[in-house]
Amino acid sequence: MNNTISNYLFDESLIVYKLKNKISNNVYQNIFNKILLSKKGIIDINFSKKVKCNNVEYAFFSFSFQIEPPCLENNNSLKETKIAYLLVMEIEIQGNLFIGFQKRNINDISLFYNYINNIEYSNLISLININSKIKKINMRNIDISPYALLEKSYKSNDLVKNISGLQVNHYAMSNCRYSNNRETLSITFNNSRINKLGHKVKIDELTQWFEGLIKVIISKSANTNQLINSFAENICFIKGKYIPTAVLFIMQNIQDEMEKDESFVIEKKIKSKFKLLSYDEIDSLFRTAESFIEIKNENIQYVDLNDRCKIIKADLFNDYYIKNSTMAKRESLIKYIDKQNYFTLAYKDSCYRYISGTLYKDSKLLNSIDWVIDLFTGYDEMNQITSEKGWGHYLRDANGKLVLNRGKRVKVKLQSTDKCFPHNSEFSFVESKFKDASSYFICDDMNEEWADHIKISPQNNSITFYLSKFGNHILSASAFQDIIGQAQKNLGNFTQSRNSLMKKKDYWSSNYESSGFNRMRNPRLSNSQDAIDKWLAIQEHPDFKKEIVLVINFISKQLLNDKLEKLRKQIHFSEENEVYQILWFINSLLSNCKEQNISLKIICKK
């Protein structure tokens, strides 16, 4: 087999890093030998020592290997032959060393990690200039709300005309495709992969393209595209500076790999044997890992390297391994997750997130303070609220009436004599303030609720969801996270089919639990079938208005405003982390509401 580099055509695609020092031929040979150890069925090998082409030096390593076709079972004779190669290019410009990789059928470049450093995000985005047309962006959310979207993708002829900075300031770009003049390129940020769409080229053209890329990266142009500048800021990782509090494993990425590669499997080691996991067992494992896991009691072990955080142990994945047809031996699942950067870290300082091997800071968050405060409306009556629904803060007197309980919280069972929610409860406040004579007002609380209360207003073609949350601690980020999660979960419930609404008909016509009052809270408009018909008519109207109202007692608008002003002025205070998280949660919900044309209001103390 003629396996020399002159016979190869290459994509204009490279993984680019900074290079600490030039790499010798002996080091290349040692690394290539280690790569061979990870493969099986090798039948041909070629190694080219460093060669200079234009201003670039490159080393080239290639081999072919045979595998059993993964689509055949009990096959002892048929083999598939695959070609693998690793091209490594080095260049020095203005005293700065850079390295570029192109690989085929080689798992990763981790053997080079001791010789390379990441290129700063600010340098990479300089490739996207002010005149670039942004064609497609994949992004990851740096918000940790329970029901926040993990990823989003946008595609357009020019996204600058379609997306505002408000929609993306708590998202980190994972991939961007853009065009400069007649060229279309893409950047994958977690591994610094730069790809130019077009035909394949010979090695001399590839080295010229590599040199051109590095010259632009070094220039670090100030004329960066404004949309690109709106994303969460990528910052340098400093060893030991940041304290992670929770980790989220991105198991969807492994699912994607399993769908693309049918030989990719997960096994569990039981004693000395390996058991292949069924799809149900894999699904169960992934579901367990799909929410943030608090880091405590060494359940997650990590170590800070110079430019990244390395996960070395996770109790959840003990004894789980992966393998595919190109691997010579199994690899532990947690090692693979770490190597591929399939995890997100939340930090004690909540403005930071570590995503796909990169540290981000939501530097635009403080710019949102003014319009966040405008979402809040304070009511004096909220100072008198003692519970969400009343039960637990009330006792029955000798006549069976509910009276305020100043002592220990006690669960009170509703009786048929109870005709409304107790006074000084949030549910009672919502009904007294927002129920009107011309709207259907429904208590949908409990039993797969869409909201605690739903208001259907035919006169202005609107549907409003009211979500209430009571808390004992002022400025409670955890309580606020709960209600934000409920709101995020129900954003899609404004538009319903007739069948799904009809499932609510009898429920809405019934009394609230064991009480003596109906869930249809407006006596003049108490027919649940009519409410359903009006809902269906409203959602077909071209001026259909959707609104979510959060009702909370644990935030005072004035106090929150004072604390946010301190954040803006960088004045430290004891609840600083809590307030930062609250600001983050609001931004996340508001962004999702804007995307779906849903209005947001928050009712609180004055």
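- A salt bridge links Arg287 with Asp283: the distance from a Lys NZ or Arg NE/NH1/NH2 to an Asp or Glu carboxylate oxygen falls below 4.0 Å.
- The neighbour count for Lys469 NZ, taken as heavy atoms of other residues, nucleotides or ligands under 6.0 Å away, is above 12.
- When side chains are defined from C-beta on, Leu560 does not count as touching Glu565, because their heavy atoms never get closer than 4.5 Å.
- Defined by atom type and a distance below 3.5 Å, a donor-acceptor pair is present between the side-chain atoms of Ser500 and Ser497.
- Taking the centre of each ring, Phe429 and Phe421 stay at or above the 6.0 Å mark.
- Between Asp444 and Lys504 there is a salt bridge, since at least one side-chain N of the basic residue sits less than 4.0 Å from a carboxylate O of the acidic one.
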Test salt bridge (charged side-chain N to carboxylate O under 4.0 Å, His left out) on Asp338 and Lys313 and set out the steps.
CA-CA 10 Å; Asp338 172 74; Lys313 181 180 180 294; over 6 Å; no
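- Salt bridge status for Asp436 with Lys455: present, with a side-chain N to carboxylate O gap under 4.0 Å.
- If you take CD1 on Ile483 and CD1 on Ile555, they are separated by 9.5 Å, rounding to the nearest 0.5 Å.
- Ring centers of His453 and Phe427: under 6.0 Å apart, within the cut-off.
- In this structure Tyr321 satisfies the ring-ring contact (aromatic ring centres under 6.0 Å, His included) test together with Phe274, sequence neighbours excluded.
- Both the sub-6.0 Å distance and the 45° axial angle are satisfied by Lys152 relative to the ring of Tyr171.
- Atom NZ of Lys335 has 12 or fewer heavy atoms from other residues, nucleotides or ligands within 6.0 Å.
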Does the salt bridge (charged side-chain N to carboxylate O under 4.0 Å, His left out) test come out yes or no for Asp304 and Lys310, once each step is laid out?
CA-CA 6 Å; Asp304 280 355; Lys310 180 180 180 66; over 6 Å; no
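- Sorted by first and then second residue, the pairs that involve residues 543-560 and meet side-chain hydrogen bond (donor to acceptor under 3.5 Å, both in side chains), not counting sequence neighbours, are Thr464-Glu547, Asp543-Lys545, Glu547-Lys601, Gln558-Asp562.
- The shortest non-hydrogen separation linking Lys605 to Ile474 is NZ-CD1, 3.8 Å.
- Atom CD of Gln570 has 12 or fewer heavy atoms from other residues, nucleotides or ligands within 6.0 Å.
- Within a 6.0 Å radius of NZ in Lys419, more than 12 heavy atoms belonging to other residues, nucleotides or ligands are found.
- The ring-ring contact (aromatic ring centres under 6.0 Å, His included) test applied to Trp508 returns no partner, not counting sequence neighbours.
- The residues Lys268 and Glu281 are annotated as not salt-bridged, no charged nitrogen and carboxylate oxygen being separated by less than 4.0 angstrom.
- Contact between Ser425 and Ile385 at its shortest, heavy atoms only, is O-CD1, 3.6 Å.
- The structure places CE of Met251 at 9.5 Å from OG1 of Thr288, a figure rounded to the nearest 0.5 Å.
- A donor-acceptor pair shorter than 3.5 Å can be found between the side chains of Glu257 and Tyr336.
- Side-chain contact, Thr188 with Asn175: a donor N or O sits under 3.5 Å from an acceptor N or O.
- For the pair Phe573/Val579, a side-chain contact is recorded, criterion being any heavy-atom separation below 4.5 Å from C-beta on.
- Ring geometry, Tyr354 versus Phe343: the interplanar angle falls under 30°, so the pair is classed parallel (tilted spans 30 to 60°).
- For the residue pair Ser588 / Gln488, a side-chain donor-acceptor distance below 3.5 Å is found, with atom types taken as modelled.
- When only modelled atom types and interatomic distance are considered, Ser153 and Asn138 share a side-chain donor-acceptor pair under 3.5 Å.
- Annotation: the span from Asn118 atom CG to Thr358 atom OG1 amounts to 6.5 Å, rounded to 0.5 Å.
- No close placement of the Tyr360 and Phe231 rings is indicated, their centers lying 6.0 Å or farther apart.
- Counting only heavy atoms from C-beta outward, the side chains of Leu345 and Tyr347 approach each other to under 4.5 Å.
- Environment of NZ in Lys339: crowded, with over 12 heavy atoms of neighbouring residues, nucleotides or ligands closer than 6.0 Å.
- Separation of atoms CZ (Phe544) and CD1 (Ile463) is listed at 4.0 Å; rounding is to 0.5 Å.
- Atom CD1 in Ile250 sits 7.5 Å away from atom CD in Glu151 (nearest 0.5 Å).
- The closest side-chain heavy-atom distance from Leu491 to Cys593 is below 4.5 Å.
- Taking all atoms of both residues into account, the shortest heavy-atom contact from Phe470 to Ser387 is CE1-N, 3.4 Å.
- For an aromatic pair to be called close, the ring centres must be under 6.0 Å apart, and Tyr466 with Phe441 satisfies this.
- Counting heavy atoms from C-beta outward, Val551 and Asp452 have side chains that stay 4.5 Å or more apart.
- Taken from CD in Gln459 to CD1 in Ile538, the straight-line distance is 8.0 Å, to the nearest 0.5 Å.
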Evaluate side chain to side chain donor-acceptor pair (under 3.5 Å) for Ser509 paired with Ser528, printing each intermediate quantity in order.
CA-CA 6 Å; Ser509 296; Ser528 62; 2.6 Å; yes
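- Taking the six-membered ring where the residue is Trp, Phe517 and Tyr512 present parallel rings, their angle staying beneath 30° rather than reaching 60°.
- Annotation: side chain of Glu578 is not in contact with side chain of Lys563 (no heavy-atom distance under 4.5 Å).
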